[in-house]
Amino acid sequence: MKKIAILFFTIALFLSCNSENTKSSTDLSIDQSIINESIKDWDKAWESKDLNLALKHYANQTDWTNAFGARVQSKEELKELLQRIFNMDFVMAGENNYGENEITFVNDKIAKVRTQNIRKNQKWADGSKMDDRYINHLRIYQKIDGHWLITDHMISQAWPTDPK
């Protein structure tokens, strides 16, 4: 009788773990789509200088640092910075060429996302053309009140290396 109880318990445990794993992978697929859409919104916002769309997926307390070292720590500060950036024609010149988003779920409420953008035809403040910029985005998303929001966003840049 004891062996049957242990066997029954083991099977029940296995089935509960198995059903949870299936549910989790389905949920993560939906979450992955939501995160990908939010990054598309960022790109659309950048192209159209749409401040509200740019801020839509950020948490109120967010830590954001751009490739030139400007750092803000709230959505309100980010709004002020993006207003200035969106009004700098030389910064806004150029085209984005994003690669695939590499999404890693730390757990069901935290995701790490890496994306590379090769920005072409951007200009310096004097109007001269920049070399292509290899820009890396590292975003941390947290599921807050049922919504995936960016709590941390670091943008870094690497200039192409000369193979000489």
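Position 1 is the first residue of the sequence; numbering continues from there.
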| message | How close do Thr115 and Gly99 get, counting heavy atoms only, and between which atoms? | response | CG2-O, 3.9 Å
| query | Below 4.5 Å, heavy atoms only, C-beta onward: do Gln142 and Lys109 meet side chain to side chain? | reply | no
| remark: For Ser38 and Tyr141, the nearest pair of non-hydrogen atoms, with its separation, is OG-OH, 2.6 Å
| said: Could you report the tightest heavy-atom contact between Ser156 and Ala67, atom names first, then the distance? | reply: C-CB, 4.2 Å
| task | Decide yes or no for Met92 and Trp46: does some side-chain heavy atom of the first lie under 4.5 Å from some side-chain heavy atom of the second? | result | yes
| Test item: Trp42 and Arg139 side chains (from C-beta on) under 4.5 Å apart, heavy atoms | yes
| query | Any side-chain heavy atom of Asp132 within less than 4.5 Å of one from Arg119? | reply | no
| remark: Applying ring-ring contact (aromatic ring centres under 6.0 Å, His included) to Tyr98 and not counting sequence neighbours gives His137
| query | Can you name the nearest heavy-atom pair linking Ala54 to Ala45, along with the distance? | reply | N-CB, 3.3 Å
| said: I'd like to know if the side chain of Asn66 and the backbone of Phe68 have a donor-acceptor N/O pair within less than 3.5 Å. | reply: yes
| query | So, are Lys44 and Glu47 salt-bridged, with charged N and O less than 4.0 Å apart? | reply | no
| remark: One should read off an interatomic distance between Leu81 CG and Phe86 CZ, to the nearest 0.5 angstrom, of 9.5 Å
| query | Counting only heavy atoms not in Lys129, do more than 12 fall under 6.0 Å of its NZ? | reply | yes
| said: Can a donor-acceptor pair be found, under 3.5 Å and without considering hydrogens, that links the side chain of Asn121 to the backbone of Glu95? | reply: no
| Among all residues two or more places apart in sequence or in another chain, which pass the side chain to side chain contact (heavy atoms under 4.5 Å, CB included) test with Asp63? | Thr65, Arg71, Gln73, Asp152
| task | Calculate, to the nearest 0.5 Å, the distance between atoms CG and CD1 belonging to Asn36 and Ile103 respectively. | result | 4.0 Å
| Validation row: Phe105, Ile35 side chains within 4.5 angstrom (heavy atoms) | yes
| field | Minimal non-hydrogen separation, Asn117 against Asn97, with atom names | value | OD1-N, 2.7 Å
| How long is the span from the CG atom in Asn136 to the CD atom in Gln116, to the nearest 0.5 Å? | 5.0 Å
| query | Any side-chain heavy atom of Asn101 within less than 4.5 Å of one from Arg114? | reply | no
| Has the side chain of Asn87 got a donor or acceptor atom that lies under 3.5 Å from a matching backbone atom of Gln83? | yes
| query | Roughly how far, to the nearest 0.5 Å, is the CG atom of Asp50 from the CG atom of Leu55? | reply | 9.0 Å
| query | So, does Gln122 use its side chain to make a donor-acceptor pair with the main chain of Val91 at under 3.5 Å? | reply | yes
| query | When rounded to the nearest 0.5 angstrom, what is the spacing between CD1 in Ile118 and CD1 in Ile135? | reply | 10.0 Å
| Can you get from Phe90 to Leu82 by hopping between Ile, Leu, Val, Met, Phe, Trp and Tyr side chains that sit under 4.5 Å apart? | yes
| said: If the threshold is 4.0 Å, N to carboxylate O, is there a salt bridge linking Asp89 and Lys123? | reply: no
| request: Run through the side-chain heavy atoms of Ile, Leu, Val, Met, Phe, Trp and Tyr, join any pair under 4.5 Å, and report what else lands in Val106's cluster. | output: Ile110, Ile140
| Under 6.0 Å from the CG atom of Asp145, do we count more than 12 heavy atoms belonging to anything else shown? | no
| message | What's the separation between atom OG in Ser74 and atom NZ in Lys79, rounded to the nearest 0.5 Å? | response | 11.0 Å
| task | Flag yes if Leu149 and Ile30 sit in one hydrophobic cluster, no otherwise; membership is Ile, Leu, Val, Met, Phe, Trp, Tyr, and two members link when side-chain heavy atoms are under 4.5 Å apart. | result | no
| With a cut-off of 6.0 Å (strictly less than), are more than 12 heavy atoms of other residues, nucleotides or ligands near CE of Met154? | no
| task | Hey, can you tell me if Tyr58 and His153 have their rings parallel, tilted or perpendicular (30° and 60° cut-offs)? | result | parallel
| field | Hydrophobic cluster membership, Trp64 vs Leu51, 4.5 Å side-chain cutoff | value | yes
| field | Smallest separation among heavy atoms of Lys112 and Leu138, with atom names | value | CG-CD1, 3.7 Å
| field | Hphob cluster co-occupancy, Ile39 + Leu28, side-chain heavy atoms under 4.5 angstrom | value | yes
| Any side-chain donor paired with an acceptor under 3.5 Å for Asp126 and Ser128? | yes
| field | Asp31 side chain near Lys143 side chain, heavy-atom distance below 4.5 Å | value | yes
